[in-house]
2 protein chains.
Amino acid sequence: MKTPRKPETRRTEGLRTHGRSARVVEKVLNATAAELGRSGYAALRIDDVAARSGVNKTTIYRRWPTKIDLVSATLRAQTYPPEVADTGTLRGDLLEHFAHLVTMLGTTTGRGVVRTLQAERTDPEVERMKRELRAEQRARRCQLLTRGIARGELAAGVDVDLLAELLAAPLVARLMHSVEDLDRVFLERAIDVILAGAATTVARAPQRGAVAVAGVGSRAPKVSSKKRRTRAP
Amino acid sequence: MKTPRKPETRRTEGLRTHGRSARVVEKVLNATAAELGRSGYAALRIDDVAARSGVNKTTIYRRWPTKIDLVSATLRAQTYPPEVADTGTLRGDLLEHFAHLVTMLGTTTGRGVVRTLQAERTDPEVERMKRELRAEQRARRCQLLTRGIARGELAAGVDVDLLAELLAAPLVARLMHSVEDLDRVFLERAIDVILAGAATTVARAPQRGAVAVAGVGSRAPKVSSKKRRTRAP
DNA sequence: TGTTGTGGCAACTCGCTGTTGCCATAATAA
DNA sequence: TTATTATGGCAACAGCGAGTTGCCACAACA
C-alpha cells in the first residue's frame with residue numbers, strides 16, 4: 001500500500017468529458033457500487049471493479065488515484081430519494097420516509113452505500129460525506145416533524161432534533177446487524193412508541209405505572225452538532 | 001493476503017500455560033486491544049502489535065494464525081461489566097446500565113472493542129461473537145425491564161424484547177458516529193421518551209394530538225429472532 | 001541435567017494497491 | 001479529411017503488509 005503522491009495530471013489543456021470518457025466513468029462507478037454491495041469496502045478490489053466494468057485498471061487509477069477516491073466518487077454519484085409526499089399524518093409521513101429508505105437500502109447500490117458507511121473510519125473525505133448524508137436525512141425527518149407540529153399532531157414545545165434522532169435510531173441500530181431484518185412492522189412499532197412517548201412527555205402526563213418522566217421539551221441542551229488529483233469526475 | 005492453512009500445531013504433548021507463555025499471551029492481547037483502539041481493525045498491523053507488546057511477530061502468528069484470530073481472541077478476553085445493582089426504579093436501573101456501558105466504551109480497550117464491532121463483516125467467528133455480545137447485553141436489559149414489570153412500573157403486557165431494543169438503539173446509533181457524543185443527558189432523555197411511550201401505548205390512551213398509536217402490547221408479531229488452530233490461548 | 005515446549009530472528013512468499021512507459025485510438029479543431 | 005491531443009489499454013514493476021519457515025536459544029518441567 002504505497003502512499004500515492006499528488007502527481008501532475010496528464011492534462012495539458014482541454015479535457016474530454018463526453019463520449020467514451022463519460023461512458024467509462026459511468027461504467028466504473030456502477031461497477032464500484034455493485035462490488036461494494038457484494039464485497040464491502042475492505043474487501044473491494046480494484047481489479048474486480050476493472051473486470052466488472054470492462055475498463056482497464058490503469059484507467060481507473062488515472063481518474064481516481066486511490067481506492068478511497070473511487071469509493072468516495074461512487075458515493076457522491078448516488079442519487080438519493082426525493083422528497084417524501086405529504087400523506088396527511090405525521091405517522092404516515094414517517095412510515096413512508098423510512099419505507100422509502102429501506103427500499104433504497106435493499107438495492108445493490110444501496111447495500112454498497114450502507115457497507116461503506118459501516119466501514120471503519122477511512123479518510124476525512126469519506127467521513128465528511130457520511131456526515132453530510134446523515135445531516136440530510138435528519139433534516140428531512142425534522143421537516144416531517146415540524147409539519148406534524150403545524151398540524152397539531154405534536155406539541156409545539158417538542159424537541160424536534162431529539163425526536164428525529166430517536167426515530168432514526170432503531171433503523172440505524174438494526175442496520176449495523178443485518179439489513180435483512182429491517183421490516184416495516186418493526187419500524188412501525190418503533191415509531192409508534194416514540195411518538196407516543198413524545199406526546200406523553202411533553203404533555204407531562206405520566207400514565208399509571210410510576211415511570212418517572214423527564215421532559216422532552218426544548219429546555220434541555222440541544223443534541224445536534226454539526227485531496228487529491230482527479231482528471232475529470 | 002495469503003490464505004493460511006490449518007497447520008499441524010507444533011505441540012506434541014504437554015503444553016505450557018504458565019510463566020513466560022502466560023505473560024506473552026497477556027502482553028499480546030493487551031497490545032492488540034490498545035492498537036485496535038488506536039487504529040481500528042482495518043488498519044491494525046501485526047508488526048505494531050509485536051512492537052508494542054515486545055513479543056516477536058512470529059510468536060504471535062504461532063499462537064493466532066491470522067489477524068482475525070488475534071482480534072477474536074482479544075475480544076473474547078475482555079471482561080464485561082458485572083450485573084447491575086438494583087437501584088429501586090426501572091429508570092435508575094437503565095440509567096446505571098447505560099452509564100456503565102458508556103464508561104466501559106470510553107476506555108482504550110473499550111474503544112478497541114467498539115471499533116472492531118463497527119468493522120465490516122469480517123469472518124463468521126467474529127460475527128458470532130458480535131451476536132453473542134449483543135444477546136448478552138440485550139438479555140441484561142430485558143432482565144431490568146422484567147424487574148420493572150414486577151415492580152408495577154411497567155404494564156405486564158409490554159413487549160420486553162421490543163422495548164429493550166428501542167432503549168439500546170439511540171446508544172448504538174450514536175456509537176456509529178462518534179463515541180464522544182455519548183453523554184448521559186442524551187441517554188437519559190432517550191430513556192424517558194421511550195419509557196413514556198411504552199407506558200402510554202400499552203395503556204391505549206393516545207394523548208391530545210391525533211397521533212395514531214398501534215399497540216406495543218404482546219398482540220403484534222414478535223420482533224425478536226433468536227434463533228483454527230490455536231496453541232493455547 | 002536432560003528433554004521439550006516455546007520464543008526470537010531473519011529471510012522468505014504472496015496478494016493487492018498503486019506506477020510507469022509505450023502504444024492505440026477516439027474526440028476535437030483545422 | 002487530416003492533424004492534433006486527450007484518453008484508454010497493456011504489461012511489467014515497486015512496495016507494503018499478512019502470513020511462513022528453518023534454525024537457534026532458552027525456560028519450564030521431569
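Here is the naming used below: chain letters follow the sequence lines, and residue numbers restart at 1 for every chain.
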Quiz question: by atom type and distance under 3.5 Å, do the side chains of D69(B) and T66(B) form a donor-acceptor pair?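 Yes, side-chain donor-acceptor contact under 3.5 Å.
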Can you identify which nucleotide, out of dT7(D), dG17(D), dT17(C), has its nearest atom closest to the S21(A) side chain?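 Closest nucleotide to the S21(A) side chain: dT7(D).
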Under the salt bridge (Lys or Arg N to Asp or Glu O under 4.0 Å) rule, collect the residues that match up with R184(B), sequence neighbours excluded.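 Salt bridge (Lys or Arg N to Asp or Glu O under 4.0 Å) list for R184(B), sorted by chain: empty.
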Can you name the residues that form a salt bridge (Lys or Arg N to Asp or Glu O under 4.0 Å) with E132(B), not counting sequence neighbours?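 Partners of E132(B) under the salt bridge (Lys or Arg N to Asp or Glu O under 4.0 Å) test: R128(B).
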Name all residues meeting the side-chain contact (heavy atoms from CB on, under 4.5 Å) criterion together with L117(B); count only those two or more places apart in sequence or in a different chain, and write none if there are none.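 Applying side-chain contact (heavy atoms from CB on, under 4.5 Å) to L117(B) gives L75(B), V113(B), K130(B), L133(B).
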Could you tell me which residues satisfy side-chain contact (heavy atoms from CB on, under 4.5 Å) with T58(B), sequence neighbours excluded, listed by chain and number?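 side-chain contact (heavy atoms from CB on, under 4.5 Å) list for T58(B), sorted by chain: N56(B), R62(B).
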[X] has an atom [atom1]; how far is it from atom [atom2] of [N], in whole Å?
X	N	atom1	atom2	result
I68(B)	dA18(D)	CD1	P	12 Å
I60(B)	dG19(D)	CD1	C1'	12 Å
D47(A)	dG9(D)	CG	P	14 Å
K67(A)	dC16(D)	NZ	P	18 Å
W64(A)	dT19(C)	CH2	P	15 Å
Y61(B)	dG8(C)	OH	C1'	16 Å
I46(A)	dT19(C)	CD1	P	11 Å
D69(A)	dT17(C)	CG	P	14 Å

When you measure only distances, ignoring hydrogens and angles, does the side chain of R62(B) come within 3.5 Å of the base of dG19(D) through a donor and an acceptor?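 No.
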Does OP1 or OP2 of dG8(D) have a side-chain N or O of R63(A) closer than 4.0 Å?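 Yes, such a contact exists.
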N or O in side chain of R23(A) less than 4.0 angstrom from dA27(C) OP1/OP2: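 Yes.
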E35(A): which of R45(A), R52(A), R111(A) passes salt bridge (Lys or Arg N to Asp or Glu O under 4.0 Å):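 Running salt bridge (Lys or Arg N to Asp or Glu O under 4.0 Å) over R45(A), R52(A), R111(A) with E35(A) returns exactly one hit, R52(A).
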Atom pairs, N/O to N/O, protein against nucleotides 11-13 of chain D, distance under 3.5 Å?
residue: dA11(D); atom: N6; partner: T58(A); partner atom: OG1; Å: 2.9

Could you pull out all residues at least two apart from N30(A) that satisfy side chain to side chain donor-acceptor pair (under 3.5 Å)?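 Per chain and number, N30(A) pairs via side chain to side chain donor-acceptor pair (under 3.5 Å) with no residue.
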Identify, between L44(B) and V55(A), the residue whose nearest nucleotide on DNA chain D lies closer to the 5' end.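 Going by which nucleotide is closer to the 5' end, it is V55(A).
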